[in-house]
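Worksheet for the structure shown next.
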Amino acid sequence: MKRLEMVDLRALHEELGEKIEAAMLQVVRGGRHVGGPEVATFEDAFAAFLGARHAIALANGTDALRLALLASGVGRDDEVLVPANTFIATAEAVLAVGATPRFVDVEGDTGLIDLRSAEARVTPRTKAVIPVHLYGRMVDMGPVAAFAGKYSLLVIEDAAQAHGASRDGRRAGTIGDVGCFSFYPGKNLGAIGDAGAAVTEDSATADRIRLYRDHGRRGRDNHEIAGCNSRMDPIQAAVLRVKLVHLERWTQARRKVAGSYRAGLAPLLDWEGGEPQAEVHHVFPILVEDRDELQRALREHGIPTGVHYRQTVPATPAFAPSLDECPVAEWRARRQLSLPIHPHLDDSDVRRIVDAVNRLASLATAGV
Ligand SMILES: *Cc1c(COP(=O)(O)O)cnc(C)c1O
């Protein structure tokens with residue numbers, strides 16, 4: 001039987017391997033291994049794909065968040081609202097600039113930031129909010145903008161899982177003050193290693209992020225500010241440019257898989273779904289009572305799954321003790337299970353997964 005994977009980088013490489021290797025080889029032979037035209041060309045292509053004015057290529061997604069906060073003037077004595085249900089990097093970036101993350105509960109059905117909880121955590125020190133488009137599911141940004149406007153907050157979007165998601169014709173990452181992307185290999189658009197990007201409409205913010213990423217340097221020897229090194233390698237930019245052309249098609253393939261899951265697993269879905277364009281299905285979550293038992297049973301039947309995430313960020317040893325209680329996020333963390341979803345699953349793979357989940361979920365619930 002075919003081996004199923006959560007993320008199938010080998011299948012992706014079979015599809016595009018020759019083009020990717022040729023692009024990499026061109027960088028190797030070209031002799032320019034930091035900066036240069038490959039990086040600028042990818043920035044332009046990614047900005048055009050999103051409909052953003054500026055894209056700044058960076059070393060990884062965590063740095064995209066960190067430099068977005070730095071360039072927006074968030075620092076010591078500031079508080080930043082972060083959903084409790086996210087990858088830890090969202091909160092790490094806040095700590096890294098000397099600010100304090102305040103954890104916000106999430107909506108029970110979508111798992112995305114709950115603005116009522118956010119409102120309850122606003123203090124005079126609150127400077128920014130980071131909506132996370134988790135699972136490739138885009139946060140409704142209209143209410144976020146209204147909330148941010150009411151309290152004069154910056155909006156930094158964490159779009160690390162949501163390349164190409166859109167609502168009302170606007171793509172995730174292009175609506176807040178800065179949008180942050182990761183190109184970690186398993187993301188919907190992934191490099192052959194670490195890479196990330198920040199996008200913004202504001203030229204001054206874009207300029208500051210560019211300064212920070214390259215030692216605060218303008219020109220060769222003029223160090224305007226103390227920055228850091230967070231440059232994207234040209235070899236990664238070259239790979240990403242090859243892959244970007246295929247992203248829409250891969251997203252359609254993910255949507256097809258998601259459609260079959262939705263049809264076959266209705267009782268286990270967390271959310272009824274909204275505008276189809278709003279989801280790019282980085283992760284396909286279901287909610288089950290006996291999550292760990294089901295995960296074990298599926299593994300025994302050759303079906304890999306994941307958990308996003310086993311602990312809320314405020315419950316991790318890294319951030320405990322956090323006084324910000326997030327009971328809905330805790331509730332989801334006990335039940336959430338991620339099914340395999342990627343562009344290289346075929347109909348029979350999906351049928352096999354749906355059948356196994358239905359069969360084993362009822363057994364797990366019955367306590368057999
Ligand atoms: C992957 C991810 C990040 C961090 O990106 P890296 O490129 O791994 O540093 C941040 N936020 C979320 C929600 C992510 O999924």
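Please read all numbers here as calculations on a predicted model, not as lab measurements.
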For this session: Taking side-chain hydrogen bond (donor to acceptor under 3.5 Å, both in side chains) as the test, write out the residues that go with Thr312, two or more places apart.
Result: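 For Thr312 the side-chain hydrogen bond (donor to acceptor under 3.5 Å, both in side chains) partners, ignoring immediate neighbours, are Glu330.
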
Problem set entry | side-chain hydrogen bond (donor to acceptor under 3.5 Å, both in side chains) partners of Arg121, counting only residues at least two apart |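 Once residues adjacent in sequence are excluded, Arg121 has no partner under the side-chain hydrogen bond (donor to acceptor under 3.5 Å, both in side chains) criterion.
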
Problem set entry | salt bridge (Lys or Arg N to Asp or Glu O under 4.0 Å) contacts touching residues 223-245 (sequence neighbours left out) |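 Output for this query lists Glu38-Arg241, Asp214-Arg231, Arg218-Glu224.
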
For this session: Assign the ring pair Phe181 / Phe46 to parallel, tilted or perpendicular, where the plane angle (0 to 90°) is split at 30° and 60°.
Result: perpendicular

Name every donor-acceptor pair, under 3.5 Å, that has one atom in a side chain of residues 123-131 and the other anywhere in the protein, sequence neighbours excluded.
unit_1	atom_1	unit_2	atom_2	d
Thr123	OG1	Glu79	OE1	2.9
Thr123	OG1	Arg125	N	3.0
Arg125	NE	Asp77	O	3.0
Thr126	OG1	Thr123	N	2.7
Thr126	OG1	Thr123	O	3.0
Lys127	NZ	Gly73	O	3.0

Taking only Lys NZ, Arg NE, NH1 and NH2, and the carboxylate oxygens of Asp or Glu, determine whether [X] and [Y] approach each other closer than 4.0 Å.
X      : Y      : result
Arg66  : Asp63  : yes
Asp290 : Arg334 : no
Asp202 : Arg53  : no
Arg255 : Glu279 : no
Asp270 : Arg137 : yes
Arg3   : Glu5   : yes

Problem set entry | Pair Gln252-Arg249, side-chain contact (heavy atoms from CB on, under 4.5 Å): steps then yes or no | CA-CA 5 Å; Gln252 292 308 331; Arg249 183 169 54 80; 5.7 Å; no

Exercise. Hey, do the aromatic rings of Tyr135 and Phe284 have their centres closer than 6.0 Å?
Worked result: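 Not under 6.0 Å, so no.
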
Problem set entry | Test of ring centre spacing under 6.0 Å for His163 and Phe183 | yes

Exercise. Cation over ring, Arg332 on Tyr309, under 6.0 Å and within 45°?
Worked result: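 Judged by the rule (NZ or CZ under 6.0 Å from the ring centre, within 45° of its axis), Arg332 is not positioned above Tyr309.
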
For residues [X] and [Y], is any side-chain donor paired with an opposing acceptor at under 3.5 Å?
X      : Y      : value
Asp114 : Ser117 : no
Thr305 : Gln295 : yes
Asp8   : His342 : no
Glu248 : Thr251 : no
His344 : Glu14  : no
Thr90  : Asp158 : yes

Donor-acceptor pairs under 3.5 angstrom involving side-chain atoms of residues 138-156: please list them, not counting sequence neighbours.
unit_1	atom_1	unit_2	atom_2	d
Lys150	NZ	Glu119	OE2	2.6
Tyr151	OH	Glu119	OE2	2.5

For this session: For the pair Arg213 (side chain) and Ser230 (backbone), establish whether a donor and an acceptor sit closer than 3.5 Å, ignoring hydrogens and angles.
Result: no

For this session: Please check if the side chain of Ser362 supplies one atom and the backbone of Asn358 the other of a donor-acceptor pair under 3.5 Å.
Result: yes

Problem set entry | Side-chain hydrophobic cluster, 4.5 Å single linkage: members besides Trp331 |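 Trp331 clusters with Leu287.
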
For this session: Could you check Ser338 against His308 for side-chain hydrogen bond (donor to acceptor under 3.5 Å, both in side chains), going step by step and ending with a plain yes or no?
Result: CA-CA 7 Å; Ser338 305; His308 298 93; 2.6 Å; yes

